[in-house]
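Reckoned from all heavy atoms, side chains included, excluding hydrogens, waters and symmetry mates.
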Amino acid sequence: MALTLRSPTSFISKTLKPSHKPTNSDEPTSLISFVSLPKPSFTASSSCRLRAVQVRASANDLNPVPAERLHPESKAVRAAHSVSTRVPVYVMLPLDTIFKGNDGKGAVNRARALNASMMALRSAGVEGIMADVWWGLVERDGPMKYDWEGYSELVRMAERNGLKMQMVMSFHQCGGNVGDSCSIPLPPWVLEEMSRDPDIVYTDRSGRRNPEYISLGCDELPVLRGRTPIQVYSDYMRSFRDRFSDYLGNVIVEIQVGMGPCGELRYPSYPESNGTWKFPGIGEFQCYDKYMKASLQASAIAAGHSEWGKGGPHDAGQYNQFPEDTGFFKREGTWNTEYGQFFLSWYSDKLLQHGDRILTAADSIFSSTGAKLSAKVAGIHWHYRTRSHAAELTAGYYNTRNRDGYIPIAKMLAKRGVVMNFTCMEMKDEQQPGHAGCAPELLVEQVKKAASSAGVELAGENALERYDEAAYAKVLETSRSETGMGLSAFTYLRMNKRLFEEANWRQFVSFVKAMGEGGRKITLPRCDSSQSDLYVGFVNKEKRKPEPEAAAAL
C-alpha cells in the first residue's frame, strides 16, 4: 500500500505545485510517497558508490600503501557533552533555499514543496534542519544593509513543523566546490573592493586569485570600506542575533560560524572551479597575497632566518601532483626539515588565529542567547597514508606522521565551548582508490580522539551524497558513544528529490530511528518496520488526528 504526503492545506485533494518554476535538481519533491515493505537492514550494498571515486579500489591496490601516521595515542576522556546515547539527526536544506524574489527581497524557494518536505522529515523523527545564511544574499545591497526576510519566513516554517535549526553564517561564496549546485557570490560591494585590491583574496604561487573567501591575511585591516573583515562578520552576526532573538535557543539551537571556503576552517587549497584541482591532487599553499607574504616575512625575521620569508616553499609542486612528485612532500622531503617545520607552523598558526578571532567575536555576540556555536573542519582523507599528509598540509592542517594537527584545532574550539563539526563520517577506507592513499576511517578516529582529549563536543556530516545501507551503517558505527568519543549530533547532506525516493526514504527513516537509539541498533524491530504509520501516521488515515508536532502545519 502506498502512502502519499500531499499539501499541508490540501493533502488529499491534489498534488502540490511549486510556488514558481524550479531552478535546479536540488528541488525538494512536491509529491512524496512511502511504501510499506519488508523490514530493512543495514547490509553492504553492491550498488553504493562515492561520487568523487570513479572505480572501487581492489584489495591489491590498498595493501602496498601502509598507513604512515604514528601519532601517540591521545588519552580518551569523555567530552563535555551530554552522556545520552541518542544522536539527533539534522538535514541540510538545498543551497538555494533562499533566493532574491521578484520584489528584490529574500524569499523561500519552492515554499509549498519545502513545507511538505519538512513535515515528512519531522514525521520520520528528524531533529531539525540546517540552512546556509548566505552573506552574498543578505548584505547584497550595500554595507550593513541586511535583508533577513527570506530567512524569517524559513524560521517560521521550521517552527510550525516542530523542527530545530542549525544556521550557518556563510561568509563564503557558493559555487566551485563538490556539491555546489548553484552560484551565490560574495556581496557585490565586496567584489568591488576585491577589484580595487586583489590582494584581499587568497592567492597561490602562480598568482591565481580565489574569490571564494577573503584572505585571513587581512583579518585586522580596514580593507572593506573602512571596516576589517572581522568587524564586517561581527556586524552581520549581531544583526542576525537582533533579528532572530525570539528564536535563538529554542528554534535556532546552533549557529555554525563559517571561517573559510565551504564554511570550513581551512585554506582554499583544492578549488574545483575551472578544473584547477582534481581529486586526489595535493593542492597548493595559499599564502601569496601581499598581506600573507608580509606576515611570513615578519615571522621569518623573528625566527632569525629572513631568507625564509621570501615566499612559500619553491618545491611544493602543483595542485594535481602527488607527494612523491615534489621535493617538499616526498617521503624524506623538505616538510620535515627545520625550514619546513617553520613554514608549516606559521601557515597553520595563521589559520588557528583566524578561527579564534571569528569565534571570539561570535561568542561575545551569541553567548547569552542559548544557541550553541559550532565550527566545521574538513575531512581531507587523501594522501593520509603518506608521511607528509600533503593534502592536509596545503589546507592548513599541520598533521604529519609525527605531529597531530587536530589537537590544536580541538583545543582552540574547546576554549570557546564550540562544537567541532567534522565531515566524511560515512566513508570506508576500502571504498577509496588505492593510489590516492586515502584513509577516512583512520582520520575520523584521530579526530575523535583529539576532540575527546580536548573535551570538545564532536558532531558529524557525510562528505558526499549517500543513500545506501553501507554509508548509514558506517555513520551509526562512528556515532556510538560507549567509548566516550561518540557524536553529539549528525547533519545529513542533503535534502533533495533523491532522498524522498521510496527505497532511499525507507533507508533514511531506519537510519534516523537507529541514531535515536544511540547507534546501537542497525535494524528496526519488526513491529516498527512492518507499517509506515510510525513515520507518516498523520497523513496515513484521514480519521487519525495529526501528531502534535505537525498540527500547526495543517
Side-chain angles (χ1 to χ4, degrees), residues 134-137 139-140 143 170-178 180 182-230 232-233 258-279 281-298 309-314 316-321 328 343 346-348 350-351 353-355 357-358 378 380 390-391 393-396:
W134 294 109
W135 182 26
L137 289 177
E139 203 173 352
R140 64 181 178 274
S170 297
F171 298 118
H172 61 285
Q173 80 167 23
C174 177
N177 286 290
V178 174
D180 286 352
C182 63
S183 177
I184 304 174
L186 300 187
W189 64 272
V190 175
L191 298 180
E192 290 177 8
E193 296 305 308
M194 289 181 176
S195 297
R196 294 190 183 97
D197 182 4
D199 282 291
I200 71 173
V201 300
Y202 287 115
T203 308
D204 64 19
R205 189 166 182 261
S206 64
R208 185 186 287 105
R209 309 284 187 178
N210 189 319
E212 289 184 67
Y213 187 81
I214 295 176
S215 170
L216 61 81
C218 55
D219 270 355
E220 300 180 292
L221 300 174
V223 296
L224 296 178
R225 299 193 182 181
R227 290 184 296 163
T228 70
I230 300 298
V232 170
Y233 303 149
M259 294 183 287
C262 295
E264 298 167 334
L265 178 65
R266 65 172 175 87
Y267 293 96
S269 58
Y270 50 99
E272 281 201 309
S273 59
N274 302 320
T276 302
W277 170 88
K278 293 182 180 179
F279 177 86
I282 58 176
E284 290 190 22
F285 292 114
Q286 307 291 310
C287 59
Y288 292 90
D289 63 76
K290 68 181 181 182
Y291 303 108
M292 290 291 282
K293 289 195 292 186
S295 173
L296 177 59
Q297 183 66 64
K310 296 180 180 179
H314 69 279
Q318 298 176 349
Y319 286 103
N320 294 309
Q321 288 186 298
F328 191 85
F343 174 79
W346 168 81
Y347 191 67
S348 61
K350 291 289 289 185
L351 186 65
Q353 292 164 13
H354 171 68
R357 289 189 194 104
I358 298 181
I380 303 175
L393 297 185
T394 57

Contacts of type salt bridge (Lys or Arg N to Asp or Glu O under 4.0 Å), residue [X], not counting sequence neighbours:
X      : answer
Arg209 : Asp199
Arg208 : Asp204
Glu284 : none
Arg205 : none

Backbone N or O of [Y] within a donor-acceptor pair of the [X] side chain at under 3.5 Å?
X      : Y      : value
His354 : Asp219 : no
Ser295 : Tyr291 : no
Tyr347 : Thr394 : yes
Tyr288 : Gly312 : yes

Between [X] and [Y], what is the shortest heavy-atom contact and its length?
X      : Y      : value
Ser348 : Gly396 : CB-O, 3.3 Å
Gly136 : Arg140 : O-CB, 3.2 Å
Glu264 : Ala378 : OE1-CB, 3.4 Å
Ile282 : Ala390 : CG2-CB, 3.8 Å
Pro229 : Cys218 : CD-O, 3.1 Å

Roughly how far, to the nearest 0.5 Å, is the [atom2] atom of [Y] from the [atom1] atom of [X]?
X      : Y      : atom1 : atom2 : value
Leu221 : Ile230 : CG    : CD1   : 11.0 Å
Gln173 : Ser273 : CD    : OG    : 7.5 Å
Leu265 : Leu351 : CG    : CG    : 4.0 Å
Met292 : Ser215 : CE    : OG    : 5.5 Å
His172 : Trp134 : NE2   : CH2   : 3.5 Å
Ile380 : Leu393 : CD1   : CG    : 9.5 Å

Flag the pair [X] / [Y] as yes when at least one side-chain heavy-atom distance between them is below 4.5 Å, and no otherwise.
X      : Y      : result
Pro185 : Pro211 : no
Leu224 : Trp189 : yes
Val232 : Ile214 : no
Lys310 : Leu296 : no

Glu220: what forms a side chain to side chain contact (heavy atoms under 4.5 Å, CB included) with it, not counting sequence neighbours?
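Once residues adjacent in sequence are excluded, the partners of Glu220 under the side chain to side chain contact (heavy atoms under 4.5 Å, CB included) criterion are Arg357.
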
Partner set under side chain to side chain contact (heavy atoms under 4.5 Å, CB included) for Asn320, not counting sequence neighbours:
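Asn320 satisfies side chain to side chain contact (heavy atoms under 4.5 Å, CB included) with Trp277, Lys278 once adjacent residues are dropped.
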
Quick one: do Phe171 and Leu186 satisfy side-chain contact (heavy atoms from CB on, under 4.5 Å)? Show the steps, please.
CA-CA 8 Å; Phe171 298 118; Leu186 300 187; over 6 Å; no

ring-ring contact (aromatic ring centres under 6.0 Å, His included) partner of Phe285, chosen from Tyr319, Trp346, Tyr267, Phe343:
Phe343

Do Glu212 and Val201 pass the side-chain contact (heavy atoms from CB on, under 4.5 Å) test, and can you show the C-alpha distance, the side-chain angles, and the key distance before you say yes or no?
CA-CA 8 Å; Glu212 289 184 67; Val201 300; over 6 Å; no

Does the side-chain contact (heavy atoms from CB on, under 4.5 Å) test come out yes or no for Leu216 and Lys350, once each step is laid out?
CA-CA 8 Å; Leu216 61 81; Lys350 291 289 289 185; 3.8 Å; yes

Thinking salt bridges, do Glu139 and Arg225 make one under a 4.0 Å N-O criterion?
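Salt bridge: no.
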
